[in-house]
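Note that this is a predicted model, so its numbers are computed, not measured.
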Amino acid sequence: MVRREIGNNIRSIVIVAVIAGLLYPVISSIMPGWEVMLTYGIILAIAALGFNLLFNYTGLLSFGHAAFVGLGAYAVGLSVKYIGLRILEVQVLIGVLLSALLALIVGFIAVRYRGIFFAILMLVTAQILWGFYVKFYHITGGTDGIRIPRPTLFFIYDTTGLGYHAFNMVYHYYALLWFTVLAIIMWYIVNSPFGYTLRVIKDAETRAVALGVNVNRYRLLALVISAIYAGIAGALYAPINRLVTPDLAYWTLSGKIVFMSILGGTMYFLGPIIGALTYVYLETIAQRITIHWYLILGITIIAIMFFMPRGLLGLTELEGFKKMARLFSALRLQFKF
Amino acid sequence: MNTETPLLEVSNLRKYFGGVRAVDGVSFRVYEGELIFLIGPNGAGKTTLVNLVSGYLKPDSGLIAFNGRDISRLDMASRVKLGIARSFQFVNVSWSISLLENIAIAIASRRGINLSMLRSLESHTDVIEEAIQLAKLVGLEKNLDKLPLEVSQGDRKILDVVMTLALKPKLLLLDEPTSGVSTRDKFDIIDRIVSAIKATGISSIIVEHDMDIVFSYANRIIAMHSGRILADGPPEDVRSREDVRAVLLGGLYA
């Protein structure tokens, strides 16, 4: 089977992970303080991968993925606050279960709708949860949020004693491990018979029905998987952010996940990943330039939609890039590397 | 008259859209191995009849029996499982995946492995192999790696039919398999489709407008007009009917 899409293979996922791993010490020595964005980037990439399973492969636009990110983060926050749980894997599991449960409940109704109706139902879900986190401050700490102490990783490795930089570094590689495993699983999902069935549902729903496919059940399953990814991202976000606030369930975060995916190119498997990694730096740079940084991001997304609707990875389809790729493979043949 | 149980028995089927009597008291039987062409002017109710039999629409009244079992209230997916498959008047395939992958998904659906998640479609070699064999049956093997938008309309129409054949149905409903194809290519396409149908021995109902095609391939013709069956029988009987000629053939085949 010919796949003309760039980077739609496991090798590319591993390459991205290795680069994200190698870049960390490099950035922290050249531009101290900027390396932590890389950690945020790979964590948000997990959420964006989940978003794109729904968007590009199932044809459902979710404007409410922050609902699941927030749920994952509050699973960590509330379990620390009320039962003193600090084993992160267990907290992630709680986040996964809650996200899946919410996706099942909302999805039961939402997958019967398409387009803007689905998008709005998801948005409403996220906003309701946001309202809950803000208003029930005696439980959630309101807008002050919940402080997250250092977690215990792999059930035994207590990170409490680590210094600021040491923890950030350990946590980066820990998150990178999650990212790599989840990205590879997602690759299998989108390239499996299930993933292809989702594409048929997206492009030709009546055909899917004519093939005997229970369309709504597949949509629901895709939503649950997508929610689990966002939930894991939320849980992993909490310890590096050291604070869980209602912002993590606010519509702007949902918007950011959409933005990242479009920035990287939703048509590509790697798109949301590249998009998330680029976005965190774009946002940081914009914030350093001006307090009106939303303006810069807004102009950026308008520019992307006009000039590169296929996102950053769409640039690889330009003739110039193809020439360079051909030159590179010729050099590789010549010099055998 | 045939005495065995008919594969499909439609009796007194009705479907009105407001005041439009799209299908108005239609009755017929289809037996194992028959190749039927369904003809009629635009608005005669052909597509509605296909929609009713395939389960895309529910009838207002009347009975649809398949292998002696009443299926009028079953949804489309359940009818597919019983063995009724249909194609569409307009090409209805996934545009973002290759022809091979489209066919493979239809096969995966029949085999019930659509929910398989942790193995790539490519690694299901038995499914891929079957898809290639099926494509060869209709002469589609050359462009299998292309996307539907990169091949001719003829190949797209064939793809639409192959996805239906991949379900290995007992009854095949093809809604205008040659629509949107030039007159020159029509015969080639219907030739490939009909020979594939004959090779598999599936009972088929084909909606078709081109009378040259109909009279060259049919061994039974059902002619519809205003939601009713005007004539039903072998081509020569249908052709000699005065009323059919007036409505359908415009005197061309006198």
Partner residues of B:R14 under the side chain to side chain contact (heavy atoms under 4.5 Å, CB included) criterion, sequence neighbours left out:
B:N12, B:Y16, B:D24, B:S61
Nearest heavy atoms of [X] and [Y], plus distance in Å:
| X | Y | answer |
| --- | --- | --- |
| A:Y196 | B:I105 | CB-CD1, 3.3 Å |
| B:I97 | A:V200 | CD1-CG2, 4.2 Å |
| A:F194 | B:L115 | CD1-CD2, 3.9 Å |
| A:L221 | B:M117 | CD2-CE, 3.5 Å |
| A:R199 | B:S94 | O-OG, 3.6 Å |
| A:V209 | B:V80 | O-CG2, 4.1 Å |

Name the region of [X], side chain, backbone, both or neither, that has any atom closer than 4.5 Å to a heavy atom of chain A.
| X | answer |
| --- | --- |
| B:S54 | neither |
| B:S78 | neither |
| B:L118 | both |
| B:D160 | both |

When rounded to the nearest 0.5 angstrom, what distance separates OG in B:S96 from CE in A:M267?
8.5 Å
A:T206 side, atom OG1; B:Y56 side, atom OH - distance, nearest 0.5 Å:
5.0 Å
[X] atom [atom1], neighbour heavy-atom count above 12 within 6.0 Å:
| X | atom1 | value |
| --- | --- | --- |
| B:F28 | CZ | yes |
| B:R119 | CZ | yes |
| B:R69 | CZ | no |
| A:R326 | CZ | yes |
| B:F17 | CZ | yes |
| A:F63 | CZ | no |
| B:K142 | NZ | no |

After noting the C-alpha distance and the side-chain angles of A:N191 and B:L121, does the key distance pass the side-chain contact (heavy atoms from CB on, under 4.5 Å) rule?
CA-CA 6 Å; A:N191 288 290; B:L121 177 64; over 6 Å; no
Any donor and acceptor pair, going by atom type alone, linking the side chain of B:N114 with main-chain N or O of A:V213 inside 3.5 Å?
no
Check for a donor-acceptor pair, side chain of A:R207 on one end and backbone N or O of B:N92 on the other, with a separation under 3.5 Å.
yes
Choice from B:G55, B:S109, B:S116 maximising heavy atom contacts with chain A below 4.5 Å
B:S116
Between chain A and each of B:A106, B:S120, B:A166, count heavy-atom pairs under 4.5 Å; write down the option with the most.
B:S120
Please flag which part of A:L198 lies under 4.5 Å from any non-hydrogen atom of chain B: side chain, backbone, both or neither.
neither
Stepwise side-chain contact (heavy atoms from CB on, under 4.5 Å) test for B:M163 and A:L211:
CA-CA 8 Å; B:M163 286 180 79; A:L211 293 180; 4.2 Å; yes
